[in-house]
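Structure first, then comments.
Values below: every heavy atom of this structure, side chains too, minus hydrogens, waters and symmetry copies. In what follows, every chain begins at residue 1, and chains take the letters A, B, ... in the order their sequences are listed.
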There are 2 protein chains.
Amino acid sequence: MRLTEREIVAVLRHHHYKITPQRRAVIQTITAVTSHVTPTAIHERTHREHPNIGLVTIYRTLEILARLKLICELHAGDNCPSYTIGTPEHHHHLICSGCGQVIDFTRHDLTKLERDLSAETGFEIKSHVLDFTGFCGSCQKQKHRTT
Amino acid sequence: MRLTEREIVAVLRHHHYKITPQRRAVIQTITAVTSHVTPTAIHERTHREHPNIGLVTIYRTLEILARLKLICELHAGDNCPSYTIGTPEHHHHLICSGCGQVIDFTRHDLTKLERDLSAETGFEIKSHVLDFTGFCGSCQKQKHRTT
DNA sequence: AAAGTAAATGAAAATACTTTTCATTTGGAT
DNA sequence: ATCCAAATGAAAAGTATTTTCATTTACTTT
Ligand SMILES: [Mn+2]
Ligand SMILES: [Mn+2]
Ligand SMILES: [Zn+2]
Ligand SMILES: [Zn+2]
């Protein structure tokens with residue numbers, strides 16, 4: 001269900017963005033990683049293979065990918081600075097406050113609520129965010145330990 | 001339905017926080033304002049009456065109030081830097097991308113979904129965020145204007 | 001009422017994150 | 001092969017937030 005590097009590149013081409021080695025490298029990093037990661041983390045990973053890619057390029061590339069909805073931007077309560085991942089289709093999140101892991105889920109349809117709210121308030125609703133926060137199994141155990 | 005300065009002060013007392021003039025001032029500002037505002041905006045407003053309150057104190061006070069769930073922290077997509085307001089009880093948001101206005105609503109119960117997710121993933125779910133984004137009535141009109 | 005003390009404050013410095021600027025390079029069209 | 005707008009990266013600038021630490025103060029204990 002996740003987009004491949006190929007597909008992402010195709011979308012960029014279609015929007016007349018140039019396919020540079022740097023952009024390819026960022027896309028590779030993102031598609032390779034399964035978790036939500038920060039711009040800095042993406043830079044570090046990409047930097048390994050591509051030693052002189054600048055952090056600025058990471059920011060610029062992420063901005064494009066996010067605008068085209070090719071990646072998912074996450075603003076989680078605590079570690080807010082916008083997070084991203086390689087799962088583009090609409091989904092919701094389950095975030096562990098302990099270890100930071102993020103589980104995506106697609107369950108739950110909010111279109112009815114959306115329609116009702118729209119009718120009541122006159123808003124034209126474009127999108128929504130539904131994120132749950134808590135503690136994953138192993139983080140719960142850790143909390144109960146004395147050491 | 002919103003907490004009063006009195007009530008907030010009482011909760012702080014109950015948690016053994018000292019009631020300083022600075023904290024009172026911040027609480028006054030927040031309870032007086034009906035919209036979500038940034039730490040800097042809170043500082044500016046509070047500063048008028050209390051000319052030498054430091055921005056640090058605003059941050060520190062907001063952190064306490066948020067932890068005690070006395071204010072609502074908002075991380076909206078675009079203007080992320082954590083926003084706050086004086087409506088403490090659990091609610092959801094309708095955010096206008098045009099003018100930044102935020103409407104709170106309490107409708108929609110997510111406890112069933114929460115229970116299901118918890119059972120499936122083993123997560124102990126503590127809270128959730130449900131925010132809708134779009135354009136309010138007047139911002140839609142503005143978009144359609146030619147000037 | 002006075003004293004004592006841990007908590008709170010604010011100025012300044014440190015840190016962190018993100019955007020802007022601009023000279024140089026380069027992808028892809030012609 | 002040539003051309004040029006788009007892209008890049010180093011550096012600087014702009015913001016946001018946290019830490020440090022000397023000083024003050026709210027509140028408890030006399
Ligand atoms: Mn996601
Ligand atoms: Mn709110
Ligand atoms: Zn965890
Ligand atoms: Zn609006």
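For B:Leu12 and C:dA7, the CG to P distance is 16 Å, given to the nearest whole Å. Whole-Å rounding puts the B:His43 NE2 to C:dT9 C1' distance at 12 Å. For the pair A:His50 NE2 and D:dG9 P, the computed distance is 7 Å after rounding to whole Å. Atom CD in B:Glu63 sits about 19 Å away from atom P in D:dA16, given to the nearest Å. Put simply, CZ on A:Arg60 is 11 Å from C1' on D:dA10, counting in whole angstrom units. Here the P atom of nucleotide C:dA7 and the CD1 atom of B:Ile64 are 12 Å apart, to the nearest Å. For A:Tyr59 and D:dT15, the OH to P distance is 16 Å, given to the nearest whole Å. Nucleotide D:dT17 holds its C1' atom 14 Å from the CD1 atom of B:Ile58, rounded to whole Å.
Among residues at least two apart or in separate chains, there is no salt bridge (Lys or Arg N to Asp or Glu O under 4.0 Å) pair with a member in residues 14-23 of chain A. Within the structure, every pair that satisfies the ring-ring contact (aromatic ring centres under 6.0 Å, His included) test and touches residues 19-43 of chain A, not counting sequence neighbours, is listed here: A:His36-A:His93, A:His43-A:His47. Among pairs with a residue in residues 8-32 of chain A, none fulfils ring-ring contact (aromatic ring centres under 6.0 Å, His included), at least two apart in sequence or across chains. For residues 51-63 of chain A, the salt bridge (Lys or Arg N to Asp or Glu O under 4.0 Å) pairs, not counting sequence neighbours, are A:Glu63-A:Arg67.
Closest-nucleotide positions on DNA chain D for A:His16 and B:Leu55 were compared, and the one nearer the 5' end corresponds to A:His16.
Using modelled atom types, one finds a donor on one side chain and an acceptor on the other under 3.5 Å when comparing B:Glu73 with B:His75.
Relative ring orientation between A:His92 and A:Phe105 is described as perpendicular, the plane-to-plane angle rising above 60° on a 0-90° scale split at 30° and 60°.
With the end axes of the helix from C:dA1-D:dT30 to C:dT30-D:dA1 each set by five pairs, the angle from one to the other reads 40° at 10° resolution.
Residues that satisfy the salt bridge (charged side-chain N to carboxylate O under 4.0 Å, His left out) test with A:Glu44, not counting sequence neighbours, are absent from this structure. With sequence neighbours left out, B:Arg45 forms a salt bridge (charged side-chain N to carboxylate O under 4.0 Å, His left out) with no residue at all. With sequence neighbours left out, A:Glu7 forms a salt bridge (charged side-chain N to carboxylate O under 4.0 Å, His left out) with no residue at all.
Using a 4.0 Å heavy-atom cutoff across all strands shown, B:Arg23 reaches sugar-phosphate atoms only and no base atom.
In this structure, of C:dG10, D:dT17, D:dA11, it is D:dT17 that holds the atom nearest to the side chain of B:Pro39.
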Any chance you could list the contact pattern along nucleotides 22-30 of chain D? Use B for base contacts, S for sugar-phosphate-only contacts and - for none, protein heavy atoms under 4.0 Å, 5' to 3'. ----BS---
